[in-house]
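Counting starts at 1 for both ligands and their atoms, following the listed order. Every value quoted in this text rests on a predicted model; they were computed, and no experiment measured them.
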Amino acid sequence: MSTNPKSPAGNKVSVQTLQSKKLHGEPITFLTAYDYPTAVALDRSGIDGILVGDSLGMVVLGYENTLPVTMQEMLHHCRAVSRGVSRAHLVGDLPFMSYQASVADALRNAGSLLQKGGMDAVKLEGGRERVAAIKAIISAGIPVMGHLGLTPQSVHQLGGWKVQGKSAQAARMLIEDSLILEDAGCYAIVLESIPAEVAHLISNRLAIPIIGIGAGVGCDGQVLVAHDVLGLFDRFTPSFVKKYADLFSEMQRAFKEYISDVKERRFPAAEHSHAMDPQALRDLIREIEMQGCDYEHDDNQPPRLH
Ligand code: KIV
């Protein structure tokens, strides 16, 4: 019997793999992906986990923030990513208002991300106020990743994209919420935009993996938005991002070269064109000439009938 590469028996990264990495002090690597080619590239690069984040609303769909993202949009992108992945652990974001209104909504939508989206786990934002939803989802056998600190779905409540947990009291709340999420059964927590010291403290205190984004080097792992890492998002780059490429400029360079090649008739060249069988072409020209038309042939120009 062959081993199914997607089954936990293969080399698929599971919740247990991530927890064992924390136990052995091995840094955990996550990036976001929203489409098939990025997912394939990440999987082949050896990433531990891929997050289909609702950040796709901003970096792929051009929304102002993550609030307009729907379950349908999440499922569409989750499916594309899952088709490209055989090894990495897959986490899908529950979008705004897919889990806040009722526990029943939370459970149904979390189930959809696994059943229809091909995800291995779901992520949702918030602390103590989410315990009932988290417990219900976990009781259905669905692993839940928490998300604390700067939670983008609460951007209006937070008054903007601001670093969280800076005061002693705010940091204490974050530590408490982390412990509550761990107690509720979350298998990992994302900490976004909080002081490195607070994230380090939480990582040391909790048994589950802490994945940081703008939360310093003391976390058990890191996650970033792939479009930020690749320099593909034109609007802004958060200060905590390290840009590993400038693909937006590279895309523009390639597109401009293509436009110029087409305008100057440098593209398509002979190697990009289909040639006719020479005898068939001679027959065709003879036929056309017999009909009284002239056939003008120049290798550098499109064929013309007169
Ligand atoms: O939506 C997302 O990409 C996220 C990460 C920023 C953690 O939640």
(request) Decide salt bridge (charged side-chain N to carboxylate O under 4.0 Å, His left out) for Glu176 and Arg128; before the verdict, give the C-alpha distance in whole Å, the side-chain angles of both, and the deciding distance to 0.1 Å. (result) CA-CA 9 Å; Glu176 273 177 26; Arg128 57 201 78 194; 3.2 Å; yes
(request) Determine whether Ile213 and Phe240 make a side-chain contact, defined as any pair of heavy atoms from C-beta on separated by less than 4.5 Å. (result) yes
(message) Is any side-chain heavy atom of Lys123 closer than 4.5 Å to one of Val190?
(response) yes
(request) Determine, stepwise, if the pair Lys22 / Asp220 fulfils salt bridge (charged side-chain N to carboxylate O under 4.0 Å, His left out). (result) CA-CA 6 Å; Lys22 163 135 190 169; Asp220 304 305; 2.8 Å; yes
(message) Can you name the atoms of ligand 1, numbered from 1 with element, that are less than 4.0 Å from a heavy atom of Gly53?
(response) 1 (O), 2 (C), 3 (O)
(request) Under 4.0 Å from a heavy atom of Thr32: give me the atoms of ligand 1 that qualify, with their elements. (result) 3 (O)
(request) Taking only heavy atoms of Ile213 into account, list the atoms of ligand 1 that are under 4.0 Å away from them. (result) 6 (C)
(request) Verify, without hydrogens or angle tests, whether Thr29 (side chain) and Asp48 (backbone) share a donor-acceptor contact under 3.5 angstrom. (result) yes
(request) Please could you name the atoms of ligand 1 that Lys123 approaches to less than 4.0 Å, counting only its heavy atoms? (result) 4 (C), 8 (O)
(message) Nearest 0.5 Å, please: how far is CD in Glu264 from CD1 in Ile259?
(response) 12.5 Å
(request) May I ask you to check whether Ser55 has an N/O atom sitting below 3.5 Å from an N/O atom of ligand 1? (result) yes
(request) Check if Glu125 has a non-hydrogen atom at a distance under 4.0 Å from any atom of ligand 1. (result) no
(request) May I ask you to list the atoms of ligand 1 that are less than 4.0 angstrom from any heavy atom of His147? (result) 8 (O)
(request) May I ask you to check whether Asp54 has an N/O atom sitting below 3.5 Å from an N/O atom of ligand 1? (result) yes
(message) Would you say that more than 12 heavy atoms from the other residues, nucleotides or ligands in this model lie under 6.0 Å from the CZ of Arg266, or not?
(response) yes
(message) I'd like to check which ligand 1 atoms, numbered from 1 as shown, lie under 4.0 Å from a non-hydrogen atom of Leu51.
(response) 2 (C), 3 (O), 4 (C), 5 (C), 7 (C), 8 (O)
(message) Counting only nitrogen or oxygen atoms and a 3.5 angstrom limit, does Asp93 reach ligand 1?
(response) yes
